[in-house]
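Structure record follows, encoded as structure tokens.
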Amino acid sequence: MAFSATTRQQNIERLQNETLDLLVIGGGITGAGVAIQSTAMNMKTGLIDMQDFAEGTSSRSTKLVHGGIRYLKTFDVGVVADTVKERAVVQGIAPHIPKPDPMLLPIYDETGATFDLFSVKVAMDLYDKLAEVKDPKFTNYTLSREEVLQREPQLNPKHLVGGGVYLDFRNNDARLVIENIKKAHENGGIMASHVKATGLLHDDDGRINGITAEDLLTGASFEIHARIVINTTGPWSDTIRKMDHTEKYQSQMRPTKGVHLVVDAEKLPVPQPTYFDSGDQDGRMIFVVPRENKTYFGTTDTDYHGDLKHPTVTQEDVDYLLEIVNRRFPTAKITLDDIEASWAGLRPLIAANGSSDYNGGNSGKISDKSFKEVIKVVDQFESQEASREDVESVLNDLETSLAEDKLSPSAVSRGSSLTSSPDGLLTLAGGKITDYRKMAAGAMALIAKILADKYDAHFNEINSKNLPVSGGDIDPHNVDATIAFYAKQGTDNGLTNDEALRIANMYGSNAARVFSLIGKVEPTHGLSLAETISLRYALDEEMTLTPVDYLLRRTNHLLFMRDTLDSLKDGVIATMADYLGWDAATVKAQTELLNQTIAESDLTALKQG
Ligand SMILES: Cc1cc2nc3c(=O)[nH]c(=O)nc-3n(C[C@H](O)[C@H](O)[C@H](O)COP(=O)(O)OP(=O)(O)OC[C@H]3O[C@@H](n4cnc5c(N)ncnc54)[C@H](O)[C@@H]3O)c2cc1C
Ligand SMILES: O=P(O)(O)OC[C@H](O)CO
């Protein structure tokens with residue numbers, strides 16, 4: 001179903017002229033998850049994003065669908081319970097995207113270790129129990145020191161006491177977003193990228209009834225009217241809430257930056273995703289993940305106060321990660337020059353989330369630390385050891401919800417929150433990619449209630465656990481065989497087995513639409529047949545507007561296939577120029593943008609000192 005640059009223009013027209021039931025601001029995984037459900041309920045839904053879909057945090061994650069086993073350490077069982085159960089749900093609605101990939105967790109006997117051999121087994125058993133993992137292929141187990149070193153001989157043997165292996169899933173974060181957006185479009189949603197919300201509109205009763213917006217490609221400003229507006233802008237959530245001049249605004253977000261670095265797999269060969277303590281007693285755990293013929297590792301977790309649109313990788317981030325990885329893999333000797341790609345993202349953490357208040361509204365809970373402070377100061381007041389002012393300052397500290405900023409970034413819960421301002425702006429923020437479906441279901445329950453109560457508008461119930469994304473019409477229990485079956489259509493039409501499998505894995509049940517382009521579109525500008533049909537599909541059906549959209553977010557080529565990128569990029573630009581009718585100036589600008597993005601990813605500036 002066409003979802004192209006032309007569709008974008010048509011949708012902007014419609015957004016200006018039609019009143020919506022629901023407008024979603026933000027096309028990352030949170031907004032996309034709301035849009036697929038609201039459109040499945042037949043709500044007239046619009047979604048805008050000021051960038052490309054998933055250009056925010058949702059293309060900058062560790063690219064896992066996982067329950068966050070480390071959160072058990074901060075007793076965030078609520079978050080883990082939600083997310084680890086959601087793994088199987090996400091795999092069920094997007095079978096071609098998250099793939100099971102058991103994680104190896106080496107255990108070191110050192111100060112501040114998150115787990116020891118006993119607690120890791122308890123955590124893994126709880127993790128499997130919460131997720132109802134029963135398949136012996138995937139249930140957890142522990143390894144002796146020797147067995148861990150047999151698997152990963154490069155690991156530092158010093159203080160290594162053994163390890164655990166438990167199920168988690170690798171993911172393609174940006175692909176999960178676009179497949180939700182495409183399905184929402186197929187359901188009748190009105191989606192447009194590069195459209196920015198610039199202000200909030202209110203009706204005569206002071207209720208939010210729309211936004212002012214700007215088409216960032218043309219500069220045109222316009223209004224979008226909707227019965228309900230939901231703010232799903234992740235790290236930008238406060239920015240949208242601040243637009244609401246009628247409400248006493250209180251910041252709730254605490255974005256923290258996470259960085260990943262990519263090296264060739266030969267530099268750091270790991271047979272499976274590996275997860276260990278930083279060893280710096282900072283509460284951080286570091287992932288080392290094989291992907292294509294590369295290995296990526298991360299992440300940092302530092303409070304961030306910079307440009308939300310453009311978090312960058314600094315020398316400090318590189319030094320931090322290289323020091324840890326070279327200490328854990330002492331023979332790897334990775335240097336800045338070995339880094340082929342990188343990315344930086346911002347966790348949309350909720351500042352007051354010392355304890356998780358998961359899905360469905362702020363439980364008003366505070367962290368155990370803050371709770372103990374309140375009890376202590378009240379106790380002291382009772383026995384005349386503290387004044388009223390002492391009590392008030394502790395409570396005031398909590399009320400400003402900044403109380404939790406004393407928590408280290410890694411101790412802040414990854415829980416989500418759903419709030420409604422008095423004038424009706426909904427904000428769904430925080431959480432993880434892994435539980436986006438559950439977060440959206442929580443929001444949809446509230447949205448359906450508001451539409452029924454306020455507008456007597458009633459919509460069909462859905463079970464979002466059975467709502468496949470675009471490309472997800474695959475039996476989740478028979479993925480490999482189905483992908484192989486799809487790939488055959490490619491090899492039968494002249495593609496190599498690798499090319500056909502790559503397309504089948506990328507597009508799932510939409511692979512047939514991609515392969516059907518063979519014979520209809522001829523390779524041009526030096527592109528292979530496989531790249532030609534993949535790019536054409538991205539242009540026709542994935543609202544791909546720039547070479548960066550295609551090479552970074554629709555295909556991840558820029559991150560995990562750096563070796564072939566240079567031979568590809570000119571052909572991609574030229575083919576897009578033909579398709580989109582670019583003039584010379586636009587070709588130049590897009591070429592510069594792509595080269596800038598590549599230089600930023602491979603840390604050219606840092607390498608040049
Ligand atoms: C380093 C790191 C690693 C992570 N790893 C994982 C992981 O492996 N697994 C996991 O489950 N979770 C992980 N997470 C968490 C997960 O990535 C985030 O919770 C999730 O991506 C947030 O999605 P979102 O849609 O809320 O925000 P975003 O993806 O940031 O989307 C918000 C969107 O709003 C748009 N926007 C902002 N302002 C406006 C405006 N005025 N008008 C229109 N649009 C606007 C932005 O352009 C953006 O696209 C990780 C996060 C980080 C930072
Ligand atoms: O939540 P954190 O801080 O463990 O970081 C995100 C991970 O990198 C993957 O979810």
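Read the numbers this way: they start at 1 and go in the same order the structure lists the ligands and their atoms. It should be emphasised that the depicted structure is a prediction, and the values quoted were computed from it without experimental measurement.
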Point to revise | Closest non-hydrogen atom pair between V259 and T300, with its separation | key: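 Looks like N-OG1, 3.0 Å.
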Point to revise | Distance-minimising heavy-atom pair for G472 and P95 | key: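 Answer, listing the atom of G472 first, then P95: O-CD, 3.4 Å.
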Backbone or side-chain N or O of [X] under 3.5 Å from ligand 1 N or O:
X	result
T434	yes
D49	yes
M50	yes
G345	no
V65	no
T57	yes
G27	no
W236	no
Q51	yes
L346	no

Find all atoms of ligand 1 within a distance of less than 4.0 Å from any non-hydrogen atom belonging to [X], and give their numbers and elements.
X	value
G26	33 (C), 34 (O), 35 (C)
K63	8 (O)
T30	23 (O), 24 (P), 25 (O), 26 (O)
I25	42 (N), 43 (C)
K432	10 (C), 11 (O), 12 (N), 13 (C), 19 (O)

Of the protein's non-hydrogen atoms, which lies at the shortest distance from [atom], and what is that distance?
atom	result
atom 9 (C) of ligand 2	H66 NE2, 3.1 Å
atom 7 (C) of ligand 2	T62 OG1, 3.5 Å
atom 4 (O) of ligand 2	R70 NE, 2.9 Å
atom 1 (O) of ligand 2	Y71 OH, 2.4 Å
atom 3 (O) of ligand 2	R414 NH2, 2.6 Å

**Study point:** Charged N-O contact under 4.0 Å between R327 and D280
**Key:**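 Result for this pair is yes, salt bridge flagged.
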Point to revise | Electrostatic pair D215:K196 at N-O distance under 4.0 angstrom | key: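 Between K196 and D215 there is no salt bridge, as every charged N stays at least 4.0 Å from the carboxylate O atoms.
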Exercise for review: Measure centre to centre between the rings of F287 and Y296, then say whether the value is under 6.0 Å.
Suggested key: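 No, ring centres 6.0 Å or more apart.
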Tell me yes or no: between the side chains of [X] and [Y], is some donor less than 3.5 Å from an acceptor?
X	Y	value
R170	T62	no
T83	H66	no
K99	N171	no
D173	S61	yes
R347	T256	yes
H310	E600	yes
H225	E18	no
R437	S464	yes
Y275	D168	no

Below 4.0 angstrom from a heavy atom of [X], which ligand 2 atoms are there? Numbered from 1 as shown, please.
X	value
F287	7 (C), 8 (O), 9 (C)
K432	1 (O), 6 (C), 10 (O)
T299	8 (O)

Tell me the nearest of [options] to [atom], using heavy-atom distances.
atom	options	value
atom 14 (N) of ligand 1	S61, G67, A32, A192	S61
atom 23 (O) of ligand 1	G234, G28, S58	S58
atom 10 (C) of ligand 1	I433, L176, T299	I433

Check your understanding: Does ligand 2 have a heavy atom under 4.0 Å from the side chain of R284, from its backbone, from both, or from neither?
Key ->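 For R284, only side-chain atoms sit under 4.0 Å from ligand 2.
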Check your understanding: Looking only at heavy atoms of V195, does any of them come nearer than 4.0 Å to an atom of ligand 1?
Key ->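 Judged by the 4.0 Å heavy-atom criterion, V195 does count as contacting ligand 1.
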Exercise for review: Give a yes/no on ligand 1: does H260 have at least one heavy atom closer than 4.0 angstrom to it?
Suggested key: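 Yes, H260 has a heavy atom closer than 4.0 Å to ligand 1.
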**Study point:** Check: L216 and Q51 side chains under 4.5 Å, non-hydrogen atoms
**Key:**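 SC-SC contact between Q51 and L216 ruled out.
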Point to revise | From I29, L47, N180, T544, residue fulfilling side chain to side chain contact (heavy atoms under 4.5 Å, CB included) relative to F53 | key: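 For F53, the side chain to side chain contact (heavy atoms under 4.5 Å, CB included) check succeeds only for L47.
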Point to revise | Within 6.0 angstrom of E316 CD, more than 12 heavy atoms from elsewhere | key: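 No, the 6.0 Å shell around CD holds no more than 12 heavy atoms from other groups.
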